[in-house]
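So the structure is just underneath, and the comments pick up after that.
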Amino acid sequence: MPELPEVETVRRGLEPAMTGAVFTRVEARRPDLRFALPSGFVRRLTGQRILALARRAKYLLADLSSGEVLVMHLGMSGRFLVTAPNGELSEPGAFELDTGQGQAHDHIVFHLSNGFCVTYNDVRRFGFMDLVGRDGLEASRHLAGLGVEPLGNSLDGALIRTLFEGKAAPLKAALLDQRLIAGLGNIYVCEALNRAGLAPARAAGTLDETEAARLAQTIRDVLAEAVEAGGSTLRDYAQTDGSLGYFQHRFRAYGREGEACATPGCGGVIERFVQSGRSTFWCATCQK
DNA sequence: AATACCCCCTGAGTGC
DNA sequence: TGCACTCAGGGGGTAT
């Protein structure tokens with residue numbers, strides 16, 4: 001389900017269940033997700049304490065007392081279901097709590113010393129988990145080469161100009177390139193470009209200072225608003241009123257083909273086309 | 001080096 | 001009701 005804001009929402013939802021707890025029992029119900037689980041996966045987790053739960057781009061990182069880090073990626077359809085000691089079920093970042101039919105795709109179950117139970121469910125199985133030594137984490141195959149955190153302090157117009165300098169690739173592709181900016185996905189790239197008034201097919205290297213600054217600001221705004229939308233629902237995420245997380249967020253461009261562009265005074269219509277195999281939604285009237 | 005395409009997998013939705 | 005087809009938020013790998 002995730003882009004960066006959703007992963008952050010999931011992280012915040014898992015934190016109270018996982019941080020400080022010990023894995024008392026781990027169930028790996030199949031040997032692989034997208035990739036094979038690392039050798040000794042269950043053994044290397046069992047008995048370890050989770051010191052901290054962090055995020056880098058779209059990766060969740062559980063820092064373990066063994067000195068290893070449990071690296072988790074949700075792919076397209078990964079979810080975590082949390083069962084509290086009192087039996088209450090929750091799903092951080094979810095649109096709607098699903099208490100039953102997910103069971104067929106419950107692949108990994110973490111039983112924790114504090115009585116919580118955390119289940120990883122992934123229908124399409126594009127997610128994965130890995131164990132990496134803490135010292136080698138940044139150089140590990142998943143994290144090596146990841147670009148700047150878009151919500152960190154370093155992303156501004158000047159950095160975008162540097163990253164995109166000389167690039168003939170379309171803005172859409174450059175923004176999706178995790179080696180440049182890490183954490184943007186298809187939805188929020190469409191949203192940021194719409195708000196910034198920039199055409200997705202335009203060559204990334206052609207941004208001037210003003211445009212780059214505007215793009216940096218809209219990226220930060222779009223992500224921060226989405227995190228806030230997810231975060232603000234965390235305290236009552238167990239409710240099933242459908243007002244939670246990702247889906248509740250009202251996108252201005254994504255998924256709105258044929259609808260009026262939301263840019264004030266624009267009057268254009270959102271169109272859809274395919275770029276590098278993925279749907280792009282944009283307004284030809286206000287995005288130049 | 002940079003870009004373009006195909007692939008992994010399952011399910012939901014649509015049109016006939 | 002069934003079938004065929006398209007589409008989906010991810011990224012890794014390979015071929016140009």
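In what follows, chains carry the letters A, B, and so on, assigned in the order in which the sequence lines appear, proteins first and then strands, with residues in each chain numbered from 1.
- Applying the salt bridge (charged side-chain N to carboxylate O under 4.0 Å, His left out) rule to pairs touching residues 115-129 of chain A yields nothing, sequence neighbours excluded.
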Nucleotide by nucleotide, 5' to 3', does protein get under 4.0 Å of the base (B), only the sugar-phosphate (S), or neither (-) in nucleotides 11-16 of chain C, counting heavy atoms? BS----
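- Atom-to-atom, NE2 of A/His105 to C1' of B/dG11 comes out at 8 Å; the value is rounded to the nearest Å.
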Are there any protein N/O atoms within less than 3.5 Å of an N/O atom in nucleotides 3-5 of chain B, and if so, which ones and at what distance?
| residue | atom | partner | partner atom | Å |
| --- | --- | --- | --- | --- |
| B/dT3 | OP1 | A/Ala168 | N | 3.4 |
| B/dT3 | OP1 | A/Ala169 | N | 2.9 |

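- The side-chain ring of A/Phe126 is stacked on the base of B/dC8, judged by centre separation under 5.5 angstrom and plane angle under 30 degrees.
- Between A/His107 atom NE2 and B/dC8 atom C1' the separation is 13 Å, expressed in whole Å.
- Counting only N and O atoms by type, the side chains of A/Arg214 and A/Thr218 include no donor and acceptor under 3.5 Å apart.
- Remark: P of C/dT6 and CD of A/Glu257 are 16 Å apart, rounded to the nearest angstrom.
- The side chain to side chain contact (heavy atoms under 4.5 Å, CB included) test applied to A/Asp135 returns no partner, not counting sequence neighbours.
- Remark: A/Phe128 engages A/Phe35, A/His73, A/His142 in a ring-ring contact (aromatic ring centres under 6.0 Å, His included) (not counting sequence neighbours).
- No hydrogens or angles considered: nothing links the side chains of A/His107 and A/Glu27 as a donor-acceptor pair under 3.5 Å.
- For A/Phe273 and C/dC7, the CZ to C1' distance is 17 Å, given to the nearest whole Å.
- Atoms CE (A/Met129) and P (C/dG10) sit 18 Å apart, rounded to a whole Å.
- To the nearest angstrom, P of B/dA12 lies 15 Å from CE of A/Met76.
- Partners of A/Pro170 by side chain to side chain contact (heavy atoms under 4.5 Å, CB included), not counting sequence neighbours, listed by chain and number: A/Ala173, A/Gln275.
- Remark: the separation of the P atoms in B/dC9 and C/dC3 is 23 Å, to the nearest Å.
- For the OP1/OP2 pair of C/dA8 and a distance below 4.0 Å, the side-chain nitrogens and oxygens of A/Ser279 include at least one atom meeting the criterion.
- Applying the salt bridge (charged side-chain N to carboxylate O under 4.0 Å, His left out) test to pairs two or more places apart or on separate chains, none has a residue in residues 276-288 of chain A.
- With sequence neighbours excluded, no residue satisfies side chain to side chain contact (heavy atoms under 4.5 Å, CB included) with A/Ala260.
- Between the P atom of B/dC7 and the CG atom of A/Asp32 lies a distance of 20 Å, rounded to the nearest Å.
- Secondary-structure annotation of DNA chain C gives the stems B:2-8 with C:10-16, B:10-16 with C:2-8, with a stem taken as at least 3 successive Watson-Crick or G-U pairs whose two distances both fall under 3.5 Å.
- In this model, a donor atom of one side chain and an acceptor atom of the other lie less than 3.5 Å apart for A/Tyr188 and A/Glu6.
- Evaluation of atom-type donor-acceptor distances gives a pair under 3.5 Å for the side chain of A/Arg124 against the base of B/dC9.
- A/Asn153 is linked by a side chain to side chain contact (heavy atoms under 4.5 Å, CB included) to A/Arg220, counting only residues two or more places apart in sequence or in another chain.
- Sorted by first then second residue, the salt bridge (charged side-chain N to carboxylate O under 4.0 Å, His left out) pairs that include residues 42-52 of chain A, not counting sequence neighbours, are A/Arg44-A/Glu68.
- Applying the side chain to side chain donor-acceptor pair (under 3.5 Å) test to residues at least two apart or on different chains, the pairs with a partner in residues 143-152 of chain A are A/Arg55-A/Glu149, A/Arg56-A/Glu149.
- Straight-line distance from the CZ atom of A/Arg30 to the C1' atom of B/dT10: 11 Å, rounded to whole Å.
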